[in-house]
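Take a look at the structure below.
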Protein chains: 2
Amino acid sequence: MATIRDVAELAGVSVATVSRTLQQPERVSPKTRSRVLSAIEQTGYQPNLMAVKFRSGKTHSLVVLVPTVANLFFARVISGMQEAAAQRGYTLLLGNTLGNPQIEADYARMVQTAQADGLIQLRASNPFSPEKSASAGLLPMVNACEVLNTSLCPTVTLDNRLAAATMTRHLLDLGHRRIALIKGPQASPLTQERLAGYQDALQQAGIDFDSSLLFDGDFTLQAGYEAARKILAQPQPPTAVFCENDETAIGAMQAIKEAGLRIPQDMSVAGFDDIAFAAYSDPPLTTIAQPAEEFGHTAVSLLVEVLTGKISKAPKVILPFELIVRHSTGPAPIAGASYLTPAL
Amino acid sequence: MATIRDVAELAGVSVATVSRTLQQPERVSPKTRSRVLSAIEQTGYQPNLMAVKFRSGKTHSLVVLVPTVANLFFARVISGMQEAAAQRGYTLLLGNTLGNPQIEADYARMVQTAQADGLIQLRASNPFSPEKSASAGLLPMVNACEVLNTSLCPTVTLDNRLAAATMTRHLLDLGHRRIALIKGPQASPLTQERLAGYQDALQQAGIDFDSSLLFDGDFTLQAGYEAARKILAQPQPPTAVFCENDETAIGAMQAIKEAGLRIPQDMSVAGFDDIAFAAYSDPPLTTIAQPAEEFGHTAVSLLVEVLTGKISKAPKVILPFELIVRHSTGPAPIAGASYLTPAL
DNA sequence: CTGAAAGCGCTAACAC
DNA sequence: GTGTTAGCGCTTTCAG
């Protein structure tokens, strides 16, 4: 492997000139520049980036803490990040953390051990040690999607509470009065915010909140399926189910259809996220669309600004959402009508 | 940030001893060792891993070239890799290449610029330059899932041809005689191998291959949907559709149901991969299960063996598959029976 | 078992 | 515009 010294010798210049030709070409005369360039060509020189990073103290790498890559919403967010990072000359290091604080802390250490310049956290949790967090100024981090209420770093999120209220109102407008909610993981702020939005809409419509209509989930297909079975086993089942994400909704739909109920005639189902499968479920799912790629873009762009010292306050960016009405939600069945009314 | 020198001073030893305490503790007396350890504790010393990697020439990083992270099958493969890599002390750098050879080459350069020790390619393409590939010995790479027929590096795959033949035979056994095939991307060997398996089974059953039953796709939901619409518009539609992946199948099912056909009574549909959604489609999808996480494990483990010089020949590992029969496939409708036969 | 010393390949003052 | 030089923080001989 050729080093910078080989190039310098071949070109008959100093190593500094070679370095400059690569880093700040304008500070080298065109003549020497071309001589150096051709020497690089001839030797097949590739700078040892580990040395560059070590010496310059800049890795141009960002670590991304994602609870699980096997989630279509996160996959879209990551695609957005990769695009934005590549544009700015940064490389992404993906950490599949399973939401485990220990694993997160390990990855956060990469920032402190000079393996990465900064970090993007997709979960509401600060992976840095208390000491590090106590240090002055912004943390080299951006918190996106599921955010912490902190001034330690910029955040990118959407108004989950308002979005959930919007969906709940959509259901209320359709005449539903008993609306079940299948929640996400207990510990997630997303779960709580969406629950709050659901309650907001209920309250505004003058409907008493009934906690027996709340069901636990964890954002997986299976959890949706199981929760829906519990819902159907209720003495007085609701006429609509709002699921805190699309996977849950698709799982729930399967249980509902297995029970012989029609969607939306007998039971409306709504999701959240608008993953690709939402448009291809049967029936296509009414959901809340999130600008996933935009989350990624914004997070990377904010992080780079923090790292380059362009911002010193922690902005809180709120991205827009959109209610997507497809065919899984419809008017509430007439009270007292049997679930077994024939389709035609 | 404390350096190794700070620790050495505080502990009253040389930097070499500190380094040894960390790298080969057994070569340091228990007394000094504990003194060094407590000095590390006190100073909050974290080795600068960039320096370590630079100096040692080993990055303990592996780059993974994945056509798209927004694919559930790849997501599972990556999870498996991450697990195996973490176990061996390696970090994964994910490259979303969109199947673009230019982007792949850029990532491959990371290996040559000492940013990563090796590379895992999930697409049948050699991202290294011809010169690099021509160098003696194995390339620091493993090719998994969609593989190249090469002796330049180990490969991990499954017998796609046999798997496709198995699925086709399943359909033939159900009495289907006209079976459409919705293919993957034209350029992918996977597409060709699965097509070959389909043809094998047909031939073995003594059925003439009919190229008008072949439809183009690209492994997406939408492509499946569109191909299915074309299939239904045929003068004499088939009674079964074999899709080269599950997304395609789920997209196709939507088009088929929209057209008023019942699955599987009027039309059987089969997929490939067994993604999580396959069990939650309506009806649940018959498919070929691949051991996705196992692909990841095996790829990492082989790559580490190559990097550590444990192997010098390129093994070709073939992982097993399994036919999962759910409810999207059933007996072929009686010839001549109308598609519009009522369900009951 | 421990210390001294020589770099790894590169960047960045600082001179000229 | 270019060269000289001093390290970045660490590992690793080589002595002792």
Side-chain angles (χ1 to χ4, degrees), chain A residues 1-40 43-61 89 109-117 308, chain B residues 1-40 43-61 89 109-117 308:
Chain A
M1 197 89 254
T3 73
I4 198 171
R5 216 178 323 265
D6 301 327
V7 177
E9 272 173 31
L10 183 60
V13 298
S14 72
V15 294
T17 303
V18 177
S19 175
R20 268 193 289 261
T21 310
L22 261 18
Q23 307 302 324
Q24 340 175 39
E26 70 284 0
R27 293 194 37 188
V28 168
S29 80
K31 246 169 71 186
T32 28
R33 200 189 306 161
S34 71
R35 200 136 43 85
V36 170
L37 257 17
S38 90
I40 288 178
T43 53
Y45 169 66
Q46 307 256 45
N48 177 329
L49 290 202
M50 227 54 209
V52 173
K53 290 176 175 188
F54 162 54
R55 178 58 233 237
S56 67
K58 293 271 155 256
T59 64
H60 276 243
S61 297
R109 262 180 26 99
M110 294 180 70
V111 175
Q112 293 166 68
T113 55
Q115 292 187 87
D117 297 344
T308 53
Chain B
M1 196 90 252
T3 74
I4 198 171
R5 218 181 318 269
D6 301 326
V7 177
E9 274 175 29
L10 183 61
V13 298
S14 72
V15 294
T17 302
V18 178
S19 176
R20 270 190 220 107
T21 308
L22 262 16
Q23 307 302 323
Q24 342 175 36
E26 70 285 0
R27 295 195 36 187
V28 169
S29 80
K31 247 168 70 185
T32 26
R33 199 188 307 161
S34 71
R35 201 137 43 87
V36 170
L37 258 16
S38 88
I40 287 177
T43 52
Y45 170 67
Q46 308 254 46
N48 177 329
L49 291 201
M50 227 55 205
V52 173
K53 291 176 174 188
F54 162 52
R55 178 59 231 237
S56 66
K58 293 272 155 253
T59 63
H60 276 241
S61 297
R109 264 181 23 103
M110 293 180 70
V111 176
Q112 292 167 69
T113 55
Q115 292 187 88
D117 297 344
T308 54

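Note that the coordinates shown come from a computational prediction; the quantities given were computed from them, not determined experimentally. The sequence lines fix the lettering, A, B, ..., with proteins before strands; numbering per chain opens at 1.
- Ranking C/dG9, C/dA5, D/dT2 by closeness to the B/V15 side chain, first place goes to C/dA5.
- Side-chain atoms of A/R55 and base atoms of D/dG7 include a donor and an acceptor less than 3.5 Å apart.
- If you find the closest nucleotide of DNA chain C to B/A51 and to B/E26, the one lying nearer the 5' end belongs to B/E26.
- If you measure from atom CD of A/Q24 to atom C1' of D/dT2, you get 13 Å, rounded to the nearest angstrom.
- Proximity of B/S19 to the phosphate of D/dC10: no side-chain N or O atom is located under 4.0 Å from OP1 or OP2.
- When the side-chain nitrogen and oxygen atoms of B/T32 are compared with OP1 and OP2 of C/dC1, none of them lie within a distance under 4.0 Å.
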Verdict with supporting geometry, A/L37 and A/T21, side chain to side chain contact (heavy atoms under 4.5 Å, CB included): CA-CA 8 Å; A/L37 257 17; A/T21 310; 3.9 Å; yes
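- Nucleic acid contact class of B/V18 (heavy atoms, under 4.0 Å, all strands): none.
- Note that OH of B/Y45 is 10.5 Å distant from OG1 of A/T113, once rounded to the nearest 0.5 Å.
- One distance of note links CD of A/Q115 with OG1 of B/T59; it measures 9.5 Å at 0.5 Å rounding.
- The distance between atom CG of B/N48 and atom P of D/dG7, rounded to the nearest whole Å, is 18 Å.
- Proximity note for B/S29 (side chain, C-beta onward) versus D/dT4, C/dT2, D/dG9: the nearest is C/dT2.
- The structure places CG of B/L22 at 4.5 Å from CD1 of B/I40, a figure rounded to the nearest 0.5 Å.
- One can place CG of B/L22 at 12 Å from P of D/dT12, the figure rounded to the nearest angstrom.
- The distance from atom NZ of A/K31 to atom C1' of D/dG1 is 12 Å, rounded to the nearest whole Å.
- Judged purely by atom type and a 3.5 angstrom limit, A/R20 has no side-chain atom pairing as donor or acceptor with the backbone of A/V28.
- Summarising the geometry, the separation between CG on B/D6 and P on D/dC10 is reported as 9 Å, rounded to the nearest angstrom.
- Look at CD1 on B/I4: it is 13 Å from P on D/dC8, rounded to the nearest Å.
- In this structure, the CZ atom of B/R5 is 9 Å from the C1' atom of D/dC10, given to the nearest Å.
- Picking from C/dC10, C/dA12, C/dA4 the nucleotide with the shortest atom distance to the side chain of B/A16 gives C/dA4.
- In this entry the distance linking CZ of A/R35 with C1' of D/dG3 reads 13 Å, nearest Å.
- Neither OP1 nor OP2 of D/dG1 sits under 4.0 Å from any side-chain N or O of A/T17.
- Among the protein residues, B/V28 comes within range of the sugar-phosphate backbone only, with heavy atoms under 4.0 Å from sugar or phosphate atoms but none that close to a base.
- Using a 4.0 Å heavy-atom criterion, one finds that A/S56 contacts no nucleic acid atom at all.
- Taking only distance into account, the side chain of A/R20 meets the base of D/dG3 through a donor-acceptor pair shorter than 3.5 Å.
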